[in-house]
Amino acid sequence: MEILQVVIFCFSAVIILRLLRQEGYTGYAVLLSTVVGILVFLYVVNHLRAVVAALGDLTAGTNVNFLFLDTLLKVVGIAYIAEFGSQVCKDANEEMVAGKIEFAGKILILLLAVPIILLVLESIVNFLP
Amino acid sequence: MYSLNFDLIFKIAAIGIVISILNVVLKQAGKEEQSQMLTLAGVVIVLMLVIQLISELFSNIRTIFNLY
C-alpha cells in the first residue's frame, strides 16, 4: 500500500526535523520540510495524471466545451501551488508572507473564473423570454 | 513512479549537522570568518538540492494542470 510508505516516510522525516529544530538549525529544518512535501507530491503525482486523463476522456465524450475542464484544472493547479507555498512559509513562521501568497492565489483564481461567469450569464439571458 | 528516496532526507540532515559541528570547531579555533563562510556554503549546497526538486515539482504541475 502506497499510503503506508508515505506515512513511514513522513514519520522518519518528522523525527529528523524535530532533531534539527531541537539543535536550533531551523534554516535546514525549513528546507528539509519543503523537500519532504515535494517528494510526497512527486510520489503521488502519477495517479493524479491518470485522474486528469480520465476527466479529459469524460468531457471529450460529451459535447461539453473544453474550456470548463481546462479552467477547472488550472484553478486546481493554482490552488495547489498557492497552498504549497503558503504552508512552506507558515512552517518558517512567516505568517504574513503566507497570507500574501494565498491572497495572490485567490486573485488569480478569480481572474480565471471571469470567462466562465460571463458564459453562464450569457446562457441565462438566452433562456429569458 | 518517483520513489520516496530517504537518502535525500538524510543527506540534507547530515549536511546541516556536520556544517554546524564544524562551525563550533571553527569558533573554538577562533576563525570567525571561516565559520560564517561555512554556514553560507552549507545553506547553498542544500538550496541547490531543493531548487532542483522545486523545478521538477513545478514542471510536473505545469504538465498535469496545463498551466502555461
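The structure presented is a predicted model; accordingly, all values stated were derived computationally and were not measured. Letters go in sequence order (proteins before strands), and every chain restarts at 1.
Closest of all the heavy-atom pairs between A/Ser12 and B/Phe6 is OG-CE2, 3.3 Å. Considering every non-hydrogen atom in both B/Leu53 and A/Ile38, the closest pair reads O-CG2, 3.7 Å. Nearest heavy atoms, B/Leu8 versus A/Val35: CD2-CG1, 4.0 Å.
Proximity to chain B involves both the backbone and the side chain of A/Gln5, based on heavy atoms less than 4.5 angstrom apart. If you measure heavy-atom distances from A/Phe9 to chain B, the contacts under 4.5 Å come from both the backbone and the side chain. Both the backbone and the side chain of A/Val45 come within contact range of chain B, with heavy atoms under 4.5 Å apart. In this structure, the portion of B/Ile19 lying under 4.5 Å from any heavy atom of chain A is its side chain and not its backbone.
Within residues 57-64 of chain B, the residues approaching chain A closer than 4.5 Å by heavy atoms are, in numerical order, B/Leu57, B/Phe58, B/Asn60, B/Ile61, B/Thr63, B/Ile64. At a heavy-atom cut-off of under 4.5 Å, chain A is reached by B/Thr39, B/Gly42, B/Val43 from residues 35-45 of chain B, listed in order of number. Near-neighbour residues of residues 71-87 of chain A relative to chain B, defined by a heavy atom under 4.5 Å from a heavy atom of that chain, comprise A/Leu73, A/Lys74, A/Val76, A/Gly77, A/Ile78, A/Tyr80, A/Ile81, A/Phe84.
Counting only heavy atoms from C-beta outward, the side chains of A/Tyr28 and B/Ile17 never approach each other to under 4.5 Å.
Hydrophobic cluster membership differs between A/Val6 and A/Ile15, with clusters built from Ile, Leu, Val, Met, Phe, Trp and Tyr side chains linked at under 4.5 angstrom. Using a 4.5 Å cut-off between side-chain heavy atoms of Ile, Leu, Val, Met, Phe, Trp and Tyr, with links allowed through other members, A/Tyr25 and A/Val30 fall into different hydrophobic clusters. In this structure, A/Phe68 is a member of the same hydrophobic cluster as A/Ile124, with clusters built from ILVMFWY side-chain heavy atoms closer than 4.5 Å. In the hydrophobic clustering of this structure, B/Ile21 groups with A/Ile16; members are Ile, Leu, Val, Met, Phe, Trp, Tyr whose side-chain heavy atoms approach within less than 4.5 Å, directly or through other members. A single hydrophobic cluster is not seen to contain both A/Leu108 and A/Leu110; linkage of ILVMFWY side chains at heavy-atom distances under 4.5 Å, directly or through other members, places them apart.
Expressed to the nearest 0.5 Å, how far CG of A/Leu31 lies from CG of B/Leu47 amounts to 5.5 Å. Between A/Leu39 atom CG and B/Asn5 atom CG the span is 5.5 Å, to the nearest 0.5 Å.
Enclosure of atom CZ in A/Arg18 is not indicated, since only 12 or fewer non-hydrogen atoms of other residues, nucleotides or ligands lie within 6.0 angstrom.
Put simply, of A/Leu32, A/Leu19, A/Val52, the one with the most heavy-atom pairs under 4.5 Å next to chain B is A/Leu32.
By the salt bridge (charged side-chain N to carboxylate O under 4.0 Å, His left out) test, B/Lys31 pairs with no residue at all, sequence neighbours left out.
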